[in-house]
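What follows is one structure encoded as structure tokens, with my remarks underneath.
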Amino acid sequence: MILEMSIELNERKREKENDMKPRVLIVDDEDSIRKLLKSRLERENCEVQTAANAAEAESQFTKGSEFAVMVTDLKMPGKDGFQLLTWAKEKQSNVRVIVITGHGEKEAAVQSLRKGAQDYLEKPFDMDELSHSVKRCIREYQLEKENKDLVGRLESRIERVEGKAEDEFWYVSKDPVMTKTNEWLTVLRRESLRGDAEEPAVLILGESGTGKEGIARMIHAGSRRGKGPWVAVNCANFSEQLLESELFGHEKGAFTGAATQKRGLFEIAKGGTLFLDEVGEMDVKLQAKLLRVVQEKTFRRVGGTADLETDVRIVAATNQDLDQRVKGGKFREDLYHRINRVVLEVPALRDRTTDIVPMAAQFCERAFLRRGKTFTGFSPEAEEAVRGYSWPGNVRELLNAVERLALVWMGSGTIPASAFSIPTGARAPGGSKLELVASPYQSPENSSADGYMELKKRWCDNFEREYLVSTLNRNGGNVSAAARESKIDRSNFLRLLRRHGLKAGSYRKVGDTGTGSSQAA
């Protein structure tokens, strides 16, 4: 039993060693040369495969693992070494090739170098010279592979820095008003890549919906803590007591309802980033406890007596003027100076006019792709409509408009202005009223009087009616054709018409006697 286990362990060890050995392929039609080269290179700690011709060599390449080096004769029956060299470079571009030529075939050797070979040897060749050439090629192969891996990791890190797949608001702004913010993001990324030991706290300012959390995610992803936890909390969503428990945790029995011990976000986020959204809403008493954590890197759970260490980077955000809140005594000045080592301002979308259309297009590509649709671009009128609206809800409102568009759009070609759901009171540059799908309210200011469910019902009703009217118009009142276009059963389409008091005959074109158009809803 012990002997069997020993044999198995040795086999596994050999397999592991083979996985780490550079792989070399010897291609020659002379069996004696193949055996000689294989024996020498295996003593040089290489894993060696052999092939008698180009066909066998190609089958070795297709088996899976890469070869670091291929040593091949130029003159072989069937495909010659030149053809194999070209094929191998197409199959595996980073393979190093050493060609073996006959005496006096210098021209052929030079031609092989032009085709991508790294070296050539004349027969009869010196084994030490061959060994040296193979080792040099292996080093080149390994160095290229290491560089490729490093570049891949760097690109992956940069991708995280730029926020790809990190946040739905991600967009690399090119508007001049974002220049300063972009410069700061570049500085933070550069310092992180240099291994900066101290990663400063960051304060992000901007209106609601501008994408502050997206910026925070980019900062986290591009930092040394990028692989650590990302933990976010909206300070406006909790009372003082609940937020304290959320941030610092609590001990069992610390207050009514504390049936068990709870870890706080400062513990959960250890080694990562804690994002404090709407930090300006935090109670002043709780701000004092937060200040202690920032200064001392320690905290206590609610109801606890032991000091716990924390290692988090704080990124905070607010839509309020903290300078004014400090002056009004609603925000601690010492905490303010602790969390604003780096301040990033995210302008409102209406101030980033050059970003609006490209951003909408990028959001559309994502939203359409998720639904198996193809985004074909905006018409000039749609671009004017999107650019001309003030977007009081900023990037969040634009994103919502795009999601609605992706949900309902069934057409082909460029998207017209009428497909966008923008409040009907919006005006394009020059003052012309936009003919758009109506929202359930004329302006965002008037929406506060209605509840969510009422607004949602009104919007859905408006959308349904507008869609039915539009579809009937396109199909000349032909119910069957309109139902087919809508991908709705004809009886259900008629039911929707009756619900909205629409009659298909009203949308018949003059002289049209289609059978579906005579059907009254």
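All values derive from a computational prediction rather than experimental measurement. Residues: numbered from 1 along the sequence shown.
Across all non-hydrogen atoms, the minimal contact from A316 to V279 is CB-CG1, 3.9 Å. Looking at every heavy atom in both residues, A504 comes nearest to V479 through CB-CG2, 3.4 Å. For the pair A258 and A254, the tightest heavy-atom approach, listed with the atom from each and the gap, is CB-N, 3.8 Å. A pairwise comparison of heavy atoms in A482 and N475 identifies CA-ND2, 3.6 Å as the closest pair. Nearest approach of S480 to N478, heavy atoms of both residues: N-OD1, 3.1 Å. The minimum heavy-atom distance between F378 and C364, with the atom names listed, is CZ-SG, 3.6 Å.
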Q | Intermediate values then yes/no, side chain to side chain contact (heavy atoms under 4.5 Å, CB included), V343 and V202 | A | CA-CA 6 Å; V343 179; V202 180; over 6 Å; no
Q.
Show, in sequence, the C-alpha distance, side-chain angles and deciding distance for F331 and V284, and conclude whether the side chain to side chain contact (heavy atoms under 4.5 Å, CB included) test is met.
A. CA-CA 6 Å; F331 201 87; V284 176; over 6 Å; no
Q: Take R263 and E246 through the test salt bridge (charged side-chain N to carboxylate O under 4.0 Å, His left out) and record every step on the way to the result.
A: CA-CA 8 Å; R263 295 171 67 220; E246 194 74 13; over 6 Å; no
Q.
For T298 and R292: C-alpha separation, side-chain torsions, deciding distance, then whether side chain to side chain contact (heavy atoms under 4.5 Å, CB included) applies.
A. CA-CA 7 Å; T298 61; R292 180 175 182 271; 3.8 Å; yes
Q. For E240 and K289, what are the C-alpha separation, side-chain angles and deciding distance, and is it a salt bridge (charged side-chain N to carboxylate O under 4.0 Å, His left out)?
A. CA-CA 11 Å; E240 178 193 351; K289 296 184 179 181; over 6 Å; no
Q) What do the steps show when you test E309 against K297 for salt bridge (charged side-chain N to carboxylate O under 4.0 Å, His left out), and what is the final call? A) CA-CA 6 Å; E309 291 186 358; K297 307 295 183 185; over 6 Å; no
Q. Does the pair W230 and R217 meet the rule for a side chain to side chain contact (heavy atoms under 4.5 Å, CB included), with working shown?
A. CA-CA 8 Å; W230 160 265; R217 283 179 179 270; 3.3 Å; yes
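With values rounded to the nearest 0.5 angstrom, D355 atom CG is found 7.0 Å from M178 atom CE. Rounding to the nearest 0.5 Å places OG of S245 at 9.5 Å from CZ of F238. The OG atom of S486 sits 7.0 Å away from the CG atom of L468 when rounded to the nearest 0.5 Å. With rounding to the nearest 0.5 Å, the separation of CZ in F248 from CG in L308 is 11.5 Å. The CD1 atom of I314 lies 5.5 Å from the CG atom of L276; values are rounded to the nearest 0.5 Å. Separating the CD atom in Q241 from the OG1 atom in T256 is a distance of 8.0 Å, to the nearest 0.5 Å.
Side-chain N or O atoms of R371 include one that pairs as donor or acceptor with a backbone N or O of A367 at under 3.5 Å. No donor-acceptor pair under 3.5 Å is formed between the side chain of E485 and the backbone N or O of T471. Panel note: side chain S93, backbone K89; no donor-acceptor pair is recorded below 3.5 Å. Without hydrogens or angle criteria, S223 side chain to H220 main chain gives a donor-acceptor distance under 3.5 Å. Distance alone, capped at 3.5 Å, places no donor-acceptor pair between the E278 side chain and the C235 backbone. N234 places a side-chain N or O within 3.5 Å of a backbone atom of A236 that can act as its donor or acceptor partner.
The environment of E333 atom CD is sparse: at most 12 non-hydrogen atoms of other residues, nucleotides or ligands sit within 6.0 angstrom. Atom NZ of K262 has more than 12 heavy atoms from other residues, nucleotides or ligands within 6.0 Å.
Looking only at side-chain heavy atoms (C-beta outward), W409 and F375 stay at 4.5 Å or farther from each other. You'll find the side chain of I219 stays beyond 4.5 Å of the side chain of W184, heavy atoms only. L203 places a side-chain heavy atom less than 4.5 Å from the side chain of L205. The shortest side-chain heavy-atom distance between D489 and F493 does not fall under the 4.5 Å cut-off. Contact annotation: the side chain of R190 approaches that of V187 to within less than 4.5 Å [non-hydrogen atoms, C-beta and beyond]. Between T354 and P176 the shortest side-chain heavy-atom distance falls below 4.5 Å. For the pair M282/L247, a side-chain contact is recorded, criterion being any heavy-atom separation below 4.5 Å from C-beta on. Between F275 and V233 the shortest side-chain heavy-atom distance does not fall below 4.5 Å.
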Enumerate donor-acceptor pairs with a distance under 3.5 Å from any side-chain N or O in residues 344-351 to protein atoms, sequence neighbours excluded.
unit_1	atom_1	unit_2	atom_2	d
R350	NH1	E207	OE1	3.3
R350	NH2	E207	OE2	2.4

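Salt-bridge check for R332 with D334: passed, with a basic side-chain N closer than 4.0 Å to an acidic carboxylate O. A salt bridge does not link K91 to E58: none of the charged nitrogens lies less than 4.0 Å from a carboxylate oxygen. By the 4.0 Å N-to-carboxylate-O rule, R225 lies close enough to D311 to be salt-bridged with it. Ion pairing of E281 with K330 is absent here, as no side-chain N (NZ or NE/NH1/NH2) approaches a carboxylate O to less than 4.0 Å.
Aromatic ring centroids of F61 and W87 lie under 6.0 Å apart.
The closest side-chain donor-acceptor pair between N394 and T210, if any, does not fall under 3.5 angstrom. A donor-acceptor pair shorter than 3.5 Å can be found between the side chains of E464 and H500.
Tested against R301 for a side chain to side chain donor-acceptor pair (under 3.5 Å), the candidates E244, E251, H250 yield a single pass: E251.
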